There are 2 protein chains.
Amino acid sequence: MQEESHLAVGDSDTTPDTAPGTRRPGGRTARNREAVLEAALELLSELGYAATCVQDIANRSKVAASTIYRRWGNRDGVILDLAQTLVAEPAGALPDTGDLERDLALLGQVIVDVMSSPRGGVVQSALVAAGVDSPTARKTLAQIVNRRVEDTKLIAERAIERGDVPAGTDARHVINTLAAPIYHRWYIGGERPTTEELHRYARVAAHAARSGLLS
Amino acid sequence: MQEESHLAVGDSDTTPDTAPGTRRPGGRTARNREAVLEAALELLSELGYAATCVQDIANRSKVAASTIYRRWGNRDGVILDLAQTLVAEPAGALPDTGDLERDLALLGQVIVDVMSSPRGGVVQSALVAAGVDSPTARKTLAQIVNRRVEDTKLIAERAIERGDVPAGTDARHVINTLAAPIYHRWYIGGERPTTEELHRYARVAAHAARSGLLS
DNA sequence: AGCCAAATGAGATTCCTCTTGCATTAGTAC
DNA sequence: GTACTAATGCAAGAGGAATCTCATTTGGCT
């Protein structure tokens, strides 16, 4: 396991001391990475998490399975990389109607739409499944969701500036109060929230914020 | 595949028309079922969902692996049966302090304790993982959670009777408003909610209920 | 342009999951 | 108790996932 500490003069030590794909990140390595992640995203959308296997990713991406195992370890490794890549993408425009409750209802609809889409939902669901056993997946999932909270908390901050919500309110709590019942309905209840439910969630979150319960 | 429709007189038709384990449910069949479910629960607790395999369940329960495959199909089938069995167990006593917010905070602690325990948490986590792909697991998970909601909604109904909460309030909404952020913190955030957070969740749910937002 | 090793591809190999066939055990009805 | 057969155990084997070896390709550097 341990590498020799003396300066390698001319012996047959050929083991690189970094992970594969980091020494020559350009050219074929970069192309392969893109092809693998794209194939993984497509297969996740088409087949779901359980049915997506490394062999299929290899076939579709035209990258050898042994290469995928070497660089990502296993299926979850690919999905984690995919998730990290997707979360780096910039967010869209935020609702800004001047009313907190209405903004939250619109945001709730955006959250549902994202979860219904391949890029957002399928990968996130895979992370939920993998996260039950893997701390790394859990951390990535939390990172993704936290990133989205940071991207959207401006909605609550505007309400604070307007004076609709007490100063000292934690904008992230406001977003989480909206998001929690949405995810609960999705992953635990197994159903997509209705528009009526989204409005109720937004009403509860806005009311709690206005009442100073989210500081 | 298709069985002959004529009355079997004396031919070599030996295929039973019901699932294995249903024709002779007593004696060895019952003992094996108990041993398999107990072993599965232990292994889930010790190894987690991903690492629990049929072969290990067979070794620990002293039931042949082929028997497990025949009766439950695969690992998830065993876990589903285990979940259905656990959910049939009676619930414990409910908090009843006369104050909705305090009752909800105590209930929140109970929910966290259940999720931290093998019987509740490990099986539920396995269902969350399996539910991402399996509609059956999703249904079972929803059934378990709904059952718990039904068992605990009395807390909210008492508040309605006391007049602390408007008539027409849906007691299940009250419970779900408490539970959603707990599950959110657990499965999405990857962390166990703190006592302070539990109190905030209870405060928000109680306040929403009192304000008539949960009808 | 030329060199060196990182990265890859193809195939062999190992390990594990799940299925199947057959002989044996044991639950249930009589 | 006896008969019938569902249920089980055991072993063989098919199929797939993951690892390993080695020859080849190719990116990065001079």
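Quick note on labels: first sequence line is chain A, next is B, and so on, each numbered from 1. This is a predicted model, so every value here is computed, not measured.
- Here C:dA26 presents its P atom at 11 Å from CG of B:Asn32, a figure rounded to the nearest Å.
- Residues satisfying the ring pair (Phe, Tyr, Trp, His ring centres under 6.0 Å) criterion with B:Tyr183, sequence neighbours excluded, are A:His184.
- Judged as a ring pair (Phe, Tyr, Trp, His ring centres under 6.0 Å), and not counting sequence neighbours, A:His173 has no contacts.
- Over its full length, the helix from C:dA1-D:dT30 to C:dC30-D:dG1 turns its helical axis through 50°, comparing axes from the five pairs at each end and rounding to 10°.
- With sequence neighbours excluded, the residues that form a side chain to side chain contact (heavy atoms under 4.5 Å, CB included) with A:Ala205 are A:Leu104, A:Thr177, A:Leu178.
- Proximity of residues 55-72 of chain B to DNA chain C (heavy atom under 4.0 angstrom from any strand atom) is restricted to B:Ser66, B:Tyr69, B:Arg70.
- Here B:Arg158 pairs with B:Asp96 under the salt bridge (Lys or Arg N to Asp or Glu O under 4.0 Å) rule; sequence neighbours left out.
- Test A:Ile111, A:Asp103, A:Ile175 against A:Thr152 for side chain to side chain contact (heavy atoms under 4.5 Å, CB included) and you get one pass: A:Ile175.
- Annotation: salt bridge (Lys or Arg N to Asp or Glu O under 4.0 Å) contacts involving residues 69-88 of chain B, sequence neighbours excluded, comprise B:Arg33-B:Asp81.
- Considering only residues two or more places apart in sequence or on other chains, B:Arg172 meets the salt bridge (Lys or Arg N to Asp or Glu O under 4.0 Å) condition with B:Asp170.
- Applying the side chain to side chain contact (heavy atoms under 4.5 Å, CB included) test to B:Thr52 and every residue at least two apart in sequence or in another chain returns B:Leu43, B:Leu44, B:Leu47, B:Ile57.
- Within the structure, salt bridge (Lys or Arg N to Asp or Glu O under 4.0 Å) contacts touching residues 128-147 of chain A (residues at least two apart or in different chains) are A:Arg147-A:Asp151.
- In this structure, CZ of B:Arg33 is placed 12 Å from P of D:dT8, rounded to the nearest angstrom.
- Residues satisfying the side-chain hydrogen bond (donor to acceptor under 3.5 Å, both in side chains) criterion with A:Arg192, sequence neighbours excluded, are A:Ser116.
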Between the protein and nucleotides 24-26 of chain D, which nitrogen or oxygen pairs come in under 3.5 angstrom?
{"residue": "D:dT25", "atom": "O2", "partner": "A:Arg28", "partner atom": "NH2", "Å": "3.2"}

